[in-house]
2 protein chains.
Amino acid sequence: MSKTFGNKIRALREGKQIPQRQLAAALEIDTATYCKIEKRDRRAKREQVTVLADLLEVDSKELIRLWSADKVYDIIAEEEEATQILNMVAETILKYQDKTAKA
Amino acid sequence: MSKTFGNKIRALREGKQIPQRQLAAALEIDTATYCKIEKRDRRAKREQVTVLADLLEVDSKELIRLWSADKVYDIIAEEEEATQILNMVAETILKYQDKTAKA
DNA sequence: TTATTTTTGCCAAGTTACGTCAAGACAAGT
DNA sequence: ACTTGTCTTGACGTAACTTGGCAAAAATAA
């Protein structure tokens with residue numbers, strides 16, 4: 001991906017010169033697990049993402065976007081018509097937003 | 001969604017006047033499970049989707065698209081910035097396709 | 001070398017998703 | 001009303017997947 005969630009938090013962490021150990025402690029997991037999150041071997045939980053955003057002083061919405069994008073990517077990357085699938089979902093979401101906006 | 005996977009296969013099945021029992025047998029699951037798939041309570045496996053496409057005489061790619069879209073939708077529907085997430089993934093996919101196309 | 005950080009493999013525990021069973025709703029026919 | 005067939009739902013056991021921790025190995029620095 002252009003920038004995976006793991007890449008992003010690693011870049012931020014390195015920019016701040018924080019060891020994994022410290023973030024791992026904040027997330028109450030051990031460093032091995034934290035390491036795997038950066039390497040995309042494990043997935044952070046949603047709550048952990050917001051904690052990381054705080055510690056890394058970055059907009060949590062941005063991190064959530066990356067984190068969600070990773071999940072979506074995993075689902076459709078292997079499909080032939082990935083782009084068309086995304087368009088279908090986008091349409092659905094727009095329609096649904098219209099409905100709820102009116103209601 | 002505008003048209004979920006479940007809606008689609010149900011419409012096709014009804015158009016052909018086939019009972020759930022028959023498709024369930026083809027998928028080697030019982031009718032309760034098949035029913036849940038139509039109702040979006042259980043998810044079909046990828047192989048099952050192609051089997052259904054055959055039996056319902058519809059392009060399997062179309063069914064796979066709907067099936068994938070359902071999965072993606074489940075992931076991001078609850079997120080605030082769902083559309084932006086989709087855009088991020090779309091970008092990533094395009095970039096990746098460029099790379100592989102050149103290679 | 002020594003110390004620190006990062007990474008990996010493996011296993012136990014936890015979580016999620018699946019499929020079946022049993023029971024019930026509903027409609028059409030007798 | 002009784003049957004027959006289809007569809008639906010909830011509960012339950014279990015299979016499959018995911019997670020986190022531990023221990024030990026690489027990598028990196030001091």
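Predicted model only: the values in this text are computed from it and were never measured. Letters A, B, ... mirror the listed sequences (proteins, then strands); counts begin at 1. Below, each value reflects all heavy atoms present in this structure, side chains not excepted, and no hydrogens, waters or symmetry copies.
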_Inter-axis angle, terminal five-pair segments of the helix from C:dT1-D:dA30 to C:dT30-D:dA1 [nearest 10°]_ = 20°
*Give every residue pair that meets the side chain to side chain donor-acceptor pair (under 3.5 Å) criterion with at least one member in residues 48-57 of chain A, sequence neighbours excluded.*
A:K16-A:E57
*Check each residue of residues 8-31 of chain A for a non-hydrogen atom within less than 4.0 Å of any atom in DNA chain D, then write out the ones that pass by number, or none.*
A:E28, A:I29, A:D30
*asked:* Could you work out, with salt bridge (Lys or Arg N to Asp or Glu O under 4.0 Å) as the rule, every residue matching B:D30, not counting sequence neighbours?
replied: none
*Under 4.0 Å: is that the gap between some side-chain N or O of B:K36 and OP1 or OP2 of D:dT9?*
no
*Return the set of residues passing side-chain hydrogen bond (donor to acceptor under 3.5 Å, both in side chains) with B:K71 (not counting sequence neighbours), or none when no residue passes.*
none
*Should the pair B:R46-A:E79 be classified as a salt bridge under the 4.0 Å nitrogen-to-oxygen rule?*
yes
*Do any N or O atoms from the side chain of B:T33 and from the backbone of B:I29 form a donor-acceptor pair under 3.5 angstrom?*
no
_From D:dG21, C:dC18, C:dT7, nucleotide with atom closest to A:T33 side chain_ = D:dG21
*Could you pull out all residues at least two apart from B:E38 that satisfy salt bridge (Lys or Arg N to Asp or Glu O under 4.0 Å)?*
B:R10, B:R13
*In terms of side-chain heavy atoms of A:K39, which of C:dC18, C:dT20, C:dT7 is nearest?*
C:dT7
_Counterpart residues, salt bridge (Lys or Arg N to Asp or Glu O under 4.0 Å), relative to B:R42 (two or more places apart)_ = none
*Can you give one letter per nucleotide of nucleotides 23-30 of chain C, going 5' to 3': B for a protein heavy atom under 4.0 Å from the base, S for sugar-phosphate only, - for none?*
--------
*Take atom CD1 of B:I37 and atom C1' of C:dT20, then tell me their distance rounded to the nearest Å.*
13 Å
*Applying side-chain hydrogen bond (donor to acceptor under 3.5 Å, both in side chains), name anything that partners A:Q22, two or more places apart in sequence or on another chain.*
none
_Residues in side-chain hydrogen bond (donor to acceptor under 3.5 Å, both in side chains) contact with B:K36, at least two apart in sequence or another chain_ = none
*What string of B, S and - do you get for nucleotides 24-30 of chain D 5' to 3' if you count protein non-hydrogen atoms under 4.0 Å?*
-------
*Can you name the residues that form a salt bridge (Lys or Arg N to Asp or Glu O under 4.0 Å) with A:D74, not counting sequence neighbours?*
A:R40, A:R43
_Measuring from the side chain of B:K45 (C-beta onward, heavy atoms only), which nucleotide among C:dC18, D:dT9, C:dT7 has the closest atom?_
C:dC18
